[in-house]
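The structure appears right after this line, and notes come after that.
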Amino acid sequence: FKQKTAYEIKECDWSSDVCSSDLVRAAALLALLVAAVAGLALALAVDPWLLLLGVVLIAAAVLYTGGPRPYGYAGLGEVMVLACFGFAATVGSAYVQGNGVPAAAWWGSLVTGLPACAVLLANNVRDVRTDVVAGKRTLAVRIGEGAARRLFVGCLVGAFVAVLPIAVAQPWAALAL
């Protein structure tokens, strides 16, 4: 059995979870296009300044592992995941739905963003040895496996702790615990 290289793969081989880079790129572009169209409609309906936020978030998605200096390989991935999947997504959603931002949205940003950071940390801890060889300086590479594992736990604990201030004002939120 000969392992195929990325150049030999023209589509996804679902039995081995290998997809061609062209197919992955096309799927990412389609996802960004759908997000851009939805974001454009929301921005025009609610507040046009949201267009700027959309441009920044699309740039963040593209520059994570693309461009001349991918920030995902410079130890900034977790910070940007918290900013994008936590604060921008949660506070932005609250703003779009209510044309204001309650305090619970800021705490909610941690409830959603910190687990996303934990997922990224789990992946990066797993890849520390190969990332070092490849020259990728992810946060896990920079701080070491032990500290990255502790940060992983901290992210998960922090997400649950962030539920508490929300539950004070909205007791039903305690169901998240």
Side-chain angles (χ1 to χ4, degrees), residues 6 11-12 17 19-125 127 131 136-142 148 151-152 154-156 158-163 165-167 169-170 172-173 176:
E11 55 191 40
C12 281
D17 294 331
C19 294
S20 71
S21 59
D22 288 340
L23 189 59
V24 171
R25 187 177 300 108
L29 288 174
L30 178 62
L32 286 174
L33 179 63
V34 169
V37 169
L40 175 64
L42 284 171
L44 293 177
V46 176
D47 193 338
W49 78 265
L50 290 169
L51 292 171
L52 177 62
L53 179 62
V55 168
V56 169
L57 292 173
I58 288 173
V62 170
L63 297 174
Y64 177 72
T65 57
R69 296 186 58 130
Y71 66 83
Y73 302 148
L76 297 173
E78 288 78 4
V79 171
M80 292 301 289
V81 162
L82 182 59
C84 296
F85 290 103
F87 292 104
T90 306
V91 172
S93 293
Y95 182 78
V96 165
Q97 293 176 45
N99 213 6
V101 181
W106 294 100
W107 289 108
S109 296
L110 297 174
V111 174
T112 59
L114 288 174
C117 290
V119 169
L120 182 57
L121 277 164
N123 181 64
N124 288 341
V125 166
D127 295 342
D131 285 350
K136 297 177 184 176
R137 303 275 297 148
T138 63
L139 184 60
V141 169
R142 289 179 178 270
L151 183 56
F152 170 85
C155 285
L156 294 179
F160 285 105
V161 169
V163 171
I166 300 170
Q170 301 291 333
W172 55 265

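- With Trp49 as the partner, the side-chain contact (heavy atoms from CB on, under 4.5 Å) test is satisfied by one option alone out of Leu51, Leu53, Val46: Leu53.
- Val101 and Ala105 get closest at one heavy-atom pair: CG1-CB, 3.9 Å.
- The distance from the CG atom of Asp131 to the CG atom of Asn123 is 8.0 Å, given to the nearest 0.5 Å.
- Between Ala148 and Val125, the closest heavy-atom pair is CB-CG2, 3.5 Å.
- Under the 4.5 Å side-chain criterion, counting only non-hydrogen atoms from C-beta, Phe160 is not in contact with Val111.
- Listed here is the closest heavy atom pair of Leu120 and Gly77: CD2-C, 3.6 Å.
- Residue pairs meeting the side chain to side chain donor-acceptor pair (under 3.5 Å) criterion with at least one member in residues 82-93, sequence neighbours excluded, are Thr90-Thr112.
- Between Leu151 and Leu139 the shortest side-chain heavy-atom distance falls below 4.5 Å.
- Within the structure, salt bridge (Lys or Arg N to Asp or Glu O under 4.0 Å) contacts touching residues 21-38 (residues at least two apart or in different chains) are Asp22-Arg25.
- Here the side chains of Val119 and Val81 are not in contact, with every heavy-atom distance at 4.5 Å or above.
- Using a 4.5 Å heavy-atom cutoff, the side chains of Leu42 and Leu50 are not in contact.
- With contacts defined as side-chain heavy-atom distances shorter than 4.5 Å, the pair Leu114/Leu156 does not qualify.
- Scanning for salt bridge (Lys or Arg N to Asp or Glu O under 4.0 Å) contacts around Arg137 gives an empty result, with sequence neighbours left out.
- If you take CG on Asp127 and NZ on Lys136, they are separated by 7.0 Å, rounding to the nearest 0.5 Å.
- Of all heavy-atom pairs between Phe85 and Ala116, the closest is CB-CB, 4.2 Å.
- When all heavy atoms of Ala173 and Val163 are compared, the pair lying nearest together is O-CG1, 3.3 Å.
- The side chain to side chain donor-acceptor pair (under 3.5 Å) contacts involving residues 70-89 comprise Glu78-Asn124, where partners must be two or more places apart or lie in separate chains.
- Listed by first and then second residue, the ring pair (Phe, Tyr, Trp, His ring centres under 6.0 Å) pairs that reach into residues 27-47 come to none, sequence neighbours excluded.
- Here the closest non-hydrogen pair linking Ala61 and Leu32 is CB-CD2, 3.9 Å.
- Among residues at least two apart or in separate chains, there is no ring pair (Phe, Tyr, Trp, His ring centres under 6.0 Å) pair with a member in residues 103-124.
- Arg142 places a side-chain N or O within donor-acceptor distance of the main-chain N or O of Ala74, the cut-off being under 3.5 Å.
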